[in-house]
Amino acid sequence: MLDQRNHQGKFAEDYVRALASAAGLLVYKDDLDHDGIDLGFRYPGRAGHVSSPAIEVQVKSWSEPSGKGPDLHFRGLNEVQYNKLVAGPFLVPRYLFVVVVPAESDRYARVETEGLTLSRLCYYRGFEGERPIDSPSTKRKAPVRVPLGNVLTVRALRELVGAPTGSLA
């Protein structure tokens with residue numbers, strides 16, 4: 001049995017993998033998380049003038065979300081992790097995905113007559129144009145505002161990747 005932290009993190013990755021599967025995207029994972037990236041998502045085809053558009057993401061889980069106004073106030077990245085998302089330019093765009101999960105793991109998923117429901121939501125944040133932190137430390141947290149309007153859906157994930165959205169919901 002996984003401890004609570006690892007269980008919560010695994011669920012968060014599986015949550016976004018399920019969305020990617022529904023979106024018809026390929027999911028890839030580096031053999032070592034050395035560059036601050038947990039997962040990559042790629043559209044296996046042509047989108048306009050680009051073949052195989054992709055994004056890379058750091059996936060974080062959060063069981064006690066806090067925020068005020070239109071944003072979540074996420075403090076789960078240290079400054080070094082933050083810079084790995086910000087200090088570009090990157091050939092493949094990078095995002096932070098924050099999966100808000102219930103505190104109790106037995107509430108992560110629910111099976112009903114209509115199908116499987118994964119609990120809570122995932123939010124995303126890009127960092128294009130942001131400045132990295134000078135002299136970053138693994139001991140200090142980097143506050144990140146994540147807009148509540150940036151809910152990761154099948155359509156939103158396809159749009160982030162640059163894949164055609166068609167008639168997806």
Side-chain angles (χ1 to χ4, degrees), residues 1-44 52-67 71-86 90 92-127 136 138-148 150-161 163 168-169:
M1 182 97 152
L2 292 173
D3 63 69
Q4 175 62 24
R5 188 172 111 343
N6 283 307
H7 190 184
Q8 182 174 304
K10 178 172 177 8
F11 174 77
E13 281 196 15
D14 291 342
Y15 182 109
V16 295
R17 282 177 180 272
L19 285 176
S21 179
L25 301 175
L26 301 176
V27 180
Y28 59 92
K29 186 174 181 89
D30 290 338
D31 61 341
L32 182 65
D33 178 5
H34 180 71
D35 198 25
I37 297 303
D38 293 316
L39 298 173
F41 301 92
R42 174 171 285 121
Y43 174 66
S52 300
I55 61 170
E56 295 178 329
V57 303
Q58 173 71 235
V59 179
K60 292 292 187 183
S61 60
W62 197 13
S63 62
E64 296 179 21
S66 65
D71 300 320
L72 291 171
H73 296 265
F74 185 68
R75 296 192 53 85
L77 292 177
N78 66 47
E79 292 176 343
V80 171
Q81 291 171 317
Y82 176 83
N83 275 5
K84 287 182 178 185
L85 293 172
V86 173
F90 300 106
V92 177
R94 292 185 174 192
Y95 293 89
L96 172 66
F97 285 5
V98 178
V99 181
V100 176
V101 302
E104 305 82 26
S105 61
D106 60 345
R107 294 182 49 217
Y108 286 172
R110 190 173 60 245
V111 177
E112 300 172 343
T113 306
E114 292 293 316
L116 176 66
T117 301
L118 301 178
S119 289
R120 307 289 167 89
L121 294 173
C122 179
Y123 301 89
Y124 63 91
R125 164 82 194 285
F127 296 93
T138 57
K139 298 187 185 326
R140 291 188 303 264
K141 296 292 183 180
V144 176
R145 289 178 181 253
V146 181
L148 287 168
N150 287 2
V151 176
L152 192 69
T153 62
V154 169
R155 177 180 288 280
L157 184 54
R158 288 180 65 102
E159 287 174 354
L160 291 174
V161 169
L168 295 173

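Both backbone and side-chain heavy atoms feed into the values below; hydrogens, waters and symmetry mates do not. All of these numbers come straight from a predicted model, not from anything done at the bench.
Among all heavy-atom pairs drawn from K60 and Q81, the shortest one is NZ-NE2, 3.3 Å. Across every non-hydrogen atom of V100 and P65, the tightest pair is CG1-CG, 3.6 Å. Taking all atoms of both residues into account, the shortest heavy-atom contact from E79 to P136 is OE1-CA, 3.6 Å. The shortest non-hydrogen separation linking L157 to V16 is CD2-O, 4.5 Å. Nearest heavy atom pair, residue Y123 against residue L148, reads CE2-O, 3.4 Å. Taking every heavy atom of both residues into account, P44 and G24 meet most closely at CD-O, 3.6 Å.
To the nearest 0.5 Å, atoms CD (E159) and OG1 (T153) are separated by 7.0 Å. Between atom CZ of residue R110 and atom CG of residue L118 there is a gap of 10.0 Å, rounded to the nearest 0.5 Å. Note: K10 NZ to S105 OG = 13.0 Å, rounded to the nearest 0.5 Å. If you take CG on N150 and CZ on R125, they are separated by 9.0 Å, rounding to the nearest 0.5 Å. Note that CG of L85 is 5.5 Å distant from CD1 of I37, once rounded to the nearest 0.5 Å. Atom CG of D14 sits about 11.5 Å away from atom OG of S21, to the nearest 0.5 Å.
Residues L19 and L25 form no side-chain contact, since every pair of their non-hydrogen atoms from C-beta on lies 4.5 Å or further apart. Residues V144 and F127 form a side-chain contact, since some pair of their non-hydrogen atoms from C-beta on lies under 4.5 Å apart. Side-chain contact between R158 and V161 is absent, with no heavy-atom pair separated by less than 4.5 Å. At a threshold of 4.5 Å between non-hydrogen side-chain atoms, the residues F74 and L96 count as touching. Counting only heavy atoms from C-beta outward, the side chains of F90 and D35 never approach each other to under 4.5 Å. Counting heavy atoms from C-beta on, the side chains of L121 and L152 never come closer than 4.5 Å. Counting heavy atoms from C-beta on, the side chains of Y108 and P102 come closer than 4.5 Å. Annotation: side chain of H73 is not in contact with side chain of P143 (no heavy-atom distance under 4.5 Å).
S63 pairs with exactly one of E104, Q8, R120, R5 by the side chain to side chain contact (heavy atoms under 4.5 Å, CB included) rule, that one being Q8. Exactly one residue among Y95, Y28, F97 makes a side chain to side chain contact (heavy atoms under 4.5 Å, CB included) with F41. That residue is F97.
Summarising the local packing, CD of E64 is surrounded by 12 or fewer heavy atoms from other residues, nucleotides or ligands at distances under 6.0 Å. Crowding of R145 atom CZ: a count of heavy atoms from other residues, nucleotides or ligands under 6.0 Å not exceeding 12.
A perpendicular orientation is assigned to the rings of Y15 and F11, their planes being inclined by more than 60° (bins at 30° and 60°).
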